[in-house]
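Have a look at the structure below before the remarks.
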Amino acid sequence: MLIRRRRPWDLSENAVTPRETYLSRRAFMAAAGATAAAPALLGAARDARALVERPGHNPALEPISESSWSQLGPDDALTPYEDVTTYNNFYELGTGKEDPAEYGHYLKTDPWSVQVDGECAKPGTLSYEDFIAPHPLEERIYRLRCVEAWSMVVPWVGFPLGDALKRFEPTGNAKYVRFETILDKEMLPGQRANVLDWPYVEGLRMDEAMHPLTILATGLYGEELPNQNGAPLRLVVPWKYGFKSIKSIVRITFTEEMPTTSWAAYGDGSEYGFYANVNPTVDHPRWSQATERRLDGGSLLSLFERRDTLMFNGYEEAVADLYAGMDLRKWF
Ligand SMILES: Nc1nc2c(c(=O)[nH]1)N[C@H]1C(S)=C(S)[C@@H](COP(=O)(O)O)O[C@H]1N2
Ligand SMILES: [Mo]
């Protein structure tokens, strides 16, 4: 008998995340001994990479220099490739954590172009290849803290966003940068459901965009970005909640006014702010942000352990100056 599987874009907004599915899969893997203990030290990143399956390995991406911006603590272990690429938030490909990996093949990333416009002297539309060509790729191992209170450690491949932005010569009126994900119901069928106002829009203040920690990622674990992680080009802003790190970017606009972003516009606007800096002292209206659950390839038990969330996700020394004198409760 054929059972029609409901596709994620058929589901309503309050569809339940199949977390049980995820946990039982992890339990099975742990029982089968498949999840080798993650290396305790992040210096072991390269060894960890050698252990993971490398489908679609692209030697053209190597060698990649490791960046001194990859500052990690002794308790930060790389999240296994499997988790980084199957536990995702990409609502345009379904609201379940495993949906983006399952439906990512709908997204076609070649050809791809990026339009840059707004307050700049040299606007233009570039192919993906021309957009990234001038930039040496480097590895950045960053913590990623989702506003839902789970976190990962991901070895991204990319380059500083600021280096790309400078090429378009932003004018003195450019106070913010606005980013847009591709709008295409065939490639991102989740856009048929009104979960958010599509396309997904994010934004940064100009100084945040130019900060050396902010990168555009083209890959992870030394591979090209899997579609579910935002291929071919996505933002990574490690001191902010994960929703700021917009995926599959097709448009970058310099603006004078603070852009309206998808999650900040959600509901009555009280849940997700424009700044979205990771802050353990400012709770989400419906849950605490003081602690988080780290996906680090550890035992099933470790999935229930909480660790303290760090101010600015542990990047306080590098970014606190950007917010000097600002009330971070008001500008959440
Ligand atoms: N276009 C788009 N970008 C997005 C999202 C999304 O739903 N759509 N989800 C965000 C959220 S909530 C998080 S936590 C991160 C997750 O990135 P990852 O799946 O690569 O871990 O992507 C962010 N970027
Ligand atoms: Mo998130």
Side-chain angles (χ1 to χ4, degrees), residues 8-9 13 15 17 22 78-104 106-107 109 140-158 178-185 187-191 193-204 215-221 223-252 261-266 271-273 276-278 284 286-287 289 292-296 309 313:
W9 47 93
E13 181 178 337
T17 302
Y22 180 70
L78 278 192
T79 299
Y81 181 89
E82 162 83 3
D83 291 329
V84 174
T85 57
T86 60
Y87 189 86
N88 299 103
N89 275 339
F90 196 164
Y91 277 17
E92 296 94 317
L93 290 168
T95 53
K97 291 287 182 277
E98 297 189 341
D99 291 336
E102 185 170 354
Y103 301 103
Y106 281 93
L107 176 62
T109 60
R140 296 283 185 105
I141 305 173
Y142 284 159
R143 289 174 290 275
L144 172 82
R145 169 59 157 81
C146 176
V147 74
E148 298 164 340
W150 53 264
S151 61
M152 296 188 180
V153 177
V154 183
W156 302 106
V157 176
R178 178 185 183 277
F179 304 85
E180 233 179 72
T181 295
I182 192 167
L183 182 65
D184 188 317
K185 290 186 170 65
M187 296 206 274
L188 295 176
Q191 289 172 344
N194 291 330
V195 185
L196 290 172
D197 239 342
W198 311 116
Y200 195 100
V201 171
E202 257 310 333
L204 295 171
I215 60 166
L216 283 172
T218 59
L220 56 80
Y221 268 105
E223 315 288 352
E224 282 184 44
L225 268 187
N227 288 355
Q228 59 268 34
N229 293 93
L233 193 68
R234 60 94 53 88
L235 187 67
V236 180
V237 195
W239 71 93
K240 294 178 178 284
Y241 291 121
F243 68 83
K244 297 296 290 181
S245 294
I246 182 174
K247 297 177 170 181
S248 305
I249 296 167
V250 290
R251 189 171 176 197
I252 300 176
T261 54
S262 298
W263 280 110
Y266 177 79
E271 297 198 40
Y272 310 97
N277 291 315
V278 175
H284 184 275
R286 293 185 280 124
W287 61 84
Q289 294 291 22
E292 67 199 59
R293 180 173 62 84
R294 173 66 57 83
L295 286 93
D296 64 359
T309 286
N313 203 24

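All values reported here derive from a predicted model rather than from experimental measurement. For the numbers below, each heavy atom of this structure counts, side chains included, while hydrogens, waters and symmetry mates do not. In each ligand, atom 1 is the first atom listed, and ligand 1 is the first ligand listed.
Taking the six-membered ring where the residue is Trp, Tyr272 and His284 present tilted rings, their angle falling between 30° and 60°. Under the 30°/60° scheme for interplanar angles, the aromatic rings of Tyr87 and Trp150 are found to stand perpendicular.
At under 3.5 Å, not a single nitrogen or oxygen of Trp150, backbone or side chain, sits near a nitrogen or oxygen of ligand 1. The N/O atoms of Asn229, backbone and side chain alike, include one that comes under 3.5 Å of an N/O atom in ligand 1. When only interatomic distances are considered, the shortest N/O to N/O separation between Gln228 and ligand 1 does not fall below 3.5 Å.
Heavy-atom contacts of Thr181 reach the following atoms of ligand 1: 1 (N) (cutoff under 4.0 Å). For ligand 1, the atoms lying closer than 4.0 Å to a non-hydrogen atom of Cys146 are 14 (S).
Here Val154 has no heavy atoms under 4.0 Å from ligand 1, in either its backbone or its side chain. Contact annotation: for Glu92 versus ligand 1, heavy atoms closer than 4.0 Å belong to the side chain alone.
No hydrogens or angles considered: nothing links the side chains of Lys97 and Asn88 as a donor-acceptor pair under 3.5 Å. When only modelled atom types and interatomic distance are considered, Trp263 and Tyr241 share no side-chain donor-acceptor pair under 3.5 Å.
Among all non-hydrogen protein atoms, the one lying nearest atom 21 (O) of ligand 1 is Leu144 CD2, 3.4 Å. Scanning the protein heavy atoms around atom 15 (C) of ligand 1, the nearest turns out to be Gly242 O, 3.6 Å. When only non-hydrogen protein atoms are considered, atom 24 (N) of ligand 1 lies nearest to Ser245 O, 2.9 Å. The nearest protein atom to atom 7 (O) of ligand 1, hydrogens excluded, is given as Tyr91 N, 2.8 Å; this is a heavy-atom distance. With hydrogens left out, the protein atom closest to atom 3 (N) of ligand 1 is Lys247 N, 3.1 Å, a heavy atom.
Between the CD atom in Glu202 and the CD atom in Glu180 there is a gap of 12.0 Å [rounded to 0.5 Å]. How far CG of Leu78 is from CG of Leu295: 13.0 Å, rounded to the nearest 0.5 Å.
Residue contact annotation: Gly230 has no non-hydrogen atom under 4.0 Å from ligand 1. Arg234 counts as a contact of ligand 1, since one of its heavy atoms falls under 4.0 Å from the ligand.
Using a 4.5 Å heavy-atom threshold, the side chains of Asn229 and Arg234 count as touching. Considering only heavy atoms from C-beta on, Val195 comes within 4.5 Å of Thr95 through its side chain. The closest side-chain heavy-atom distance from Glu292 to Ser151 is below 4.5 Å.
Comment: Glu148 does not engage Arg293 in a salt bridge, judged by the lack of any side-chain N to carboxylate O separation of less than 4.0 angstrom.
When Trp198, Tyr200, Tyr241, Phe243 are checked for heavy-atom proximity to atom 6 (C) of ligand 1, Tyr200 turns out nearest. Heavy-atom proximity to atom 5 (C) of ligand 1, evaluated over Ile246, Asn89, Leu220, Val236, is greatest for Asn89.
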